[in-house]
Amino acid sequence: MDNRVPPRAAGPGPRRRDRHGRGMRGPIAPPQVPLAASRAEVFADLVQDSVERLERRWPQLAEVEFLVLEVPRLEGQDSVALWGDEAVPLGGIMPAREGRRARVVVYRRPVEIRSKGRDERAALVHEVVVEQVAELLGLTPETVDPRYGEE
């Protein structure tokens, strides 16, 4: 009687389960469950919700491109000279140019650092989007969203 174990058919690779049949069988949560969404995806969804809320009132925002970036870029060496005495910006705008639409940018990491929970983060994201849209349109934030500043 031959007690030899036959060689593995496939080349060396990660074992998904241990020899007793235990171990990870698949993903912990299916992709459609919020648990599977990354922080960046959740943040982008907050920005999108805010934009959709404003687009109902301001249809011209359909022509504006909304972006989420991790942090603001430093163009020069001295950030104090760039921003003055202000804190790190939470958002910014880039006016329309030849062949390029206007852009509103929300910086994810500075917003996340200044907010404690999901509700506070959603409120801060909406404030930033409203402020940037108001600056882009040349209006006051209260004109863009009458509930601006309310909690």
Side-chain angles (χ1 to χ4, degrees), residues 10-18 21-151:
R15 290 185 75 167
R16 297 186 187 268
R17 309 208 33 200
D18 65 14
R22 292 185 284 262
M24 292 295 292
R25 294 185 184 151
I28 294 173
Q32 63 272 18
V33 175
L35 178 67
S38 71
R39 287 190 341 208
E41 292 169 336
V42 170
F43 191 88
D45 288 343
L46 291 176
V47 172
Q48 186 63 35
D49 291 344
S50 182
V51 169
E52 288 172 359
R53 197 164 124 189
L54 292 177
E55 279 181 339
R56 286 185 232 128
R57 184 174 167 99
W58 302 95
Q60 64 264 39
L61 292 180
E63 300 299 317
V64 177
E65 190 175 351
F66 290 86
L67 303 170
V68 175
L69 298 178
E70 290 293 310
V71 292
R73 280 192 284 172
L74 295 175
E75 297 298 327
Q77 295 284 45
D78 191 11
S79 63
V80 175
L82 242 136
W83 297 322
D85 291 336
E86 296 178 24
V88 176
L90 303 178
I93 60 168
M94 296 175 213
R97 293 188 188 162
E98 314 157 350
R100 195 182 81 190
R101 302 187 308 176
R103 293 180 177 172
V104 172
V105 180
V106 180
Y107 300 115
R108 182 175 74 88
R109 293 294 297 148
V111 170
E112 285 181 338
I113 289 170
R114 286 171 180 78
S115 57
K116 292 187 173 118
R118 179 174 165 75
D119 294 338
E120 189 177 326
R121 186 171 301 123
L124 184 55
V125 164
H126 186 68
E127 281 185 19
V128 171
V129 170
V130 168
E131 289 168 359
Q132 300 308 316
V133 166
E135 186 176 336
L136 184 68
L137 298 177
L139 303 169
T140 63
E142 293 80 12
T143 306
V144 173
D145 184 6
R147 296 183 340 197
Y148 174 78
E150 295 177 10
E151 298 205 77

Working for side chain to side chain contact (heavy atoms under 4.5 Å, CB included), residues M94 and V105: CA-CA 8 Å; M94 296 175 213; V105 180; 3.6 Å; yes
Side chain to side chain contact (heavy atoms under 4.5 Å, CB included) between V125 and V111, intermediate numbers included: CA-CA 7 Å; V125 164; V111 170; 3.9 Å; yes
How close do [X] and [Y] get, heavy atom to heavy atom, and via which atoms?
X: R57; Y: T143; result: NH2-O, 3.3 Å
X: V130; Y: P141; result: CG1-O, 3.6 Å
X: V68; Y: A44; result: CG2-CA, 4.3 Å
X: E55; Y: L61; result: OE2-O, 3.6 Å
X: F43; Y: Y107; result: CZ-O, 4.3 Å
X: V88; Y: P110; result: CG1-CG, 4.0 Å

Contacts of type side chain to side chain donor-acceptor pair (under 3.5 Å), residue R103, not counting sequence neighbours: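 Scan of R103 (side chain to side chain donor-acceptor pair (under 3.5 Å), adjacent residues dropped) gives E65.
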Is there a side-chain contact between [X] and [Y], using heavy atoms and a 4.5 Å cut-off?
X: L54; Y: F66; result: no
X: R121; Y: R108; result: no
X: H126; Y: D145; result: yes

Spatial distance of atom [atom1] ([X]) from atom [atom2] ([Y]) [nearest 0.5 Å]:
X: L124; Y: I113; atom1: CG; atom2: CD1; answer: 11.5 Å
X: L136; Y: W58; atom1: CG; atom2: CH2; answer: 11.5 Å
X: E127; Y: L90; atom1: CD; atom2: CG; answer: 9.5 Å
X: D45; Y: E52; atom1: CG; atom2: CD; answer: 9.5 Å
X: R53; Y: R147; atom1: CZ; atom2: CZ; answer: 4.0 Å

Within 6.0 angstrom of R118 CZ, more than 12 heavy atoms from elsewhere: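 Atom CZ in R118 is not packed in, count stays at 12 or less.
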Q60 backbone acceptor or donor facing E63 side chain under 3.5 Å: no
